[in-house]
Amino acid sequence: MRLPGHGHRRRPDDIVIAPLDLSARVDEALAVQAVAFGLGPDEVAVRRQIVLRHMTYPGARSLGATTAGRLVGFVYGMPNDRTHWWSTVVEPYLRAQGYDDWLDNSFVITELHVHPRYQNRGVGRSLITTITDGATEPRSILSAIDVESPARGLYRSLGYQDLARQVLFPSAPKPYAVMGAPLPLRRR
């Protein structure tokens with residue numbers, strides 16, 4: 001999938017959304033995440049091991065957004081498994097709201113990041129809709145920092161709704177919201 005870019009006036013960027021070998025390009029992807037999410041080197045090192053482990057899970061898939069071969073965004077996810085760390089953290093919050101059944105038969109968006117220079121061009125929307133279009137599960141779940149943000153606005157525009165708020169992850173400085181949407185995602 002190609003998206004018209006809004007880069008330099010003389011030569012607009014063509015952004016290509018395609019399958020990504022995330023294990024092979026983990027450092028490049030984490031460099032995008034570090035800029036987009038404000039991560040330091042120590043946190044990047046921890047996340048590197050997490051990403052590599054996640055990519056060994058059954059059904060894990062990733063897509064990249066590239067321009068001129070350079071990665072400017074990525075998404076990855078997998079069928080949710082209640083035994084995974086993320087599920088064990090969010091389950092009590094979802095149960096308290098009557099939504100713990102969302103942990104079953106869902107495709108979880110584990111990470112979605114777009115380099116700030118390429119945000120607001122439809123890259124994030126294309127990444128998340130393309131990866132969920134390939135899911136066999138009837139719904140998708142994700143977590144996002146629990147503040148009003150462009151990311152949360154994007155998720156809502158796709159049909160995601162808050163399932164639980166003020167979710168606290170160990171070592172995360174800010175609370176998160178867990179959001180869920182039926183698949184396929186709503187298009188504009």
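Just the heavy atoms: all of them, side chains too, but no hydrogens, waters or symmetry mates, feed the values below.
The aromatic rings of Phe37 and His113 stand perpendicular to each other, their planes meeting at an angle above 60°, with 30° marking the opposite boundary.
Panel note: side chain Ser140, backbone Phe107; a donor-acceptor pair is recorded below 3.5 Å. Using modelled atom types, one side-chain atom of Ser62 and one backbone atom of Leu20 make a donor-acceptor pair closer than 3.5 Å. Put simply, the side chain of Ser106 never gets that close to the backbone of Leu103: no donor and acceptor are under 3.5 Å apart. A distance-only check finds a donor-acceptor pair linking the side chain of Ser149 to the backbone of Arg152 [under 3.5 Å].
Residues Ile141 and Val167 share a hydrophobic cluster, clusters being chains of Ile/Leu/Val/Met/Phe/Trp/Tyr side chains in contact below 4.5 Å.
Annotation: side chain of Pro175 is in contact with side chain of Leu168 (closest heavy-atom distance under 4.5 Å). A heavy-atom distance below 4.5 Å is found between the side chains of Arg156 and Glu148. Contact annotation: the side chain of Trp86 never approaches that of His54 to less than 4.5 Å [non-hydrogen atoms, C-beta and beyond]. Side-chain contact between Ile128 and Leu142 is present, with heavy atoms from C-beta onward closer than 4.5 Å. Put simply, the side chain of Leu112 does not reach to within 4.5 Å of the side chain of Phe74, judged on heavy atoms.
From Arg47, atom CZ reaches atom CZ of Arg53 across 12.5 Å, with rounding to the nearest 0.5 Å.
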Open item on the list: Run the side-chain hydrogen bond (donor to acceptor under 3.5 Å, both in side chains) test on Ser87 and Asn80 for me, step by step, so that the C-alpha distance in whole Å, both residues' side-chain angles and the decisive distance to 0.1 Å come before the verdict.
Closed with: CA-CA 8 Å; Ser87 290; Asn80 194 55; 2.9 Å; yes
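Looking only at atom types and distance, the side chain of Asn105 has no donor-acceptor partner in the side chain of Glu137 under 3.5 Å away. In this model, no donor atom of one side chain and acceptor atom of the other lie less than 3.5 Å apart for Thr67 and Tyr118.
Across all their heavy atoms, Thr110 and Met78 have their closest contact at OG1-CE, 3.5 Å.
Taking a 6.0 Å sphere around CD of Gln161, one finds it holds 12 or fewer heavy atoms contributed by other residues, nucleotides or ligands. Atom OH of Tyr99 sits in a sparse spot, with 12 or fewer heavy atoms from other residues, nucleotides or ligands closer than 6.0 Å.
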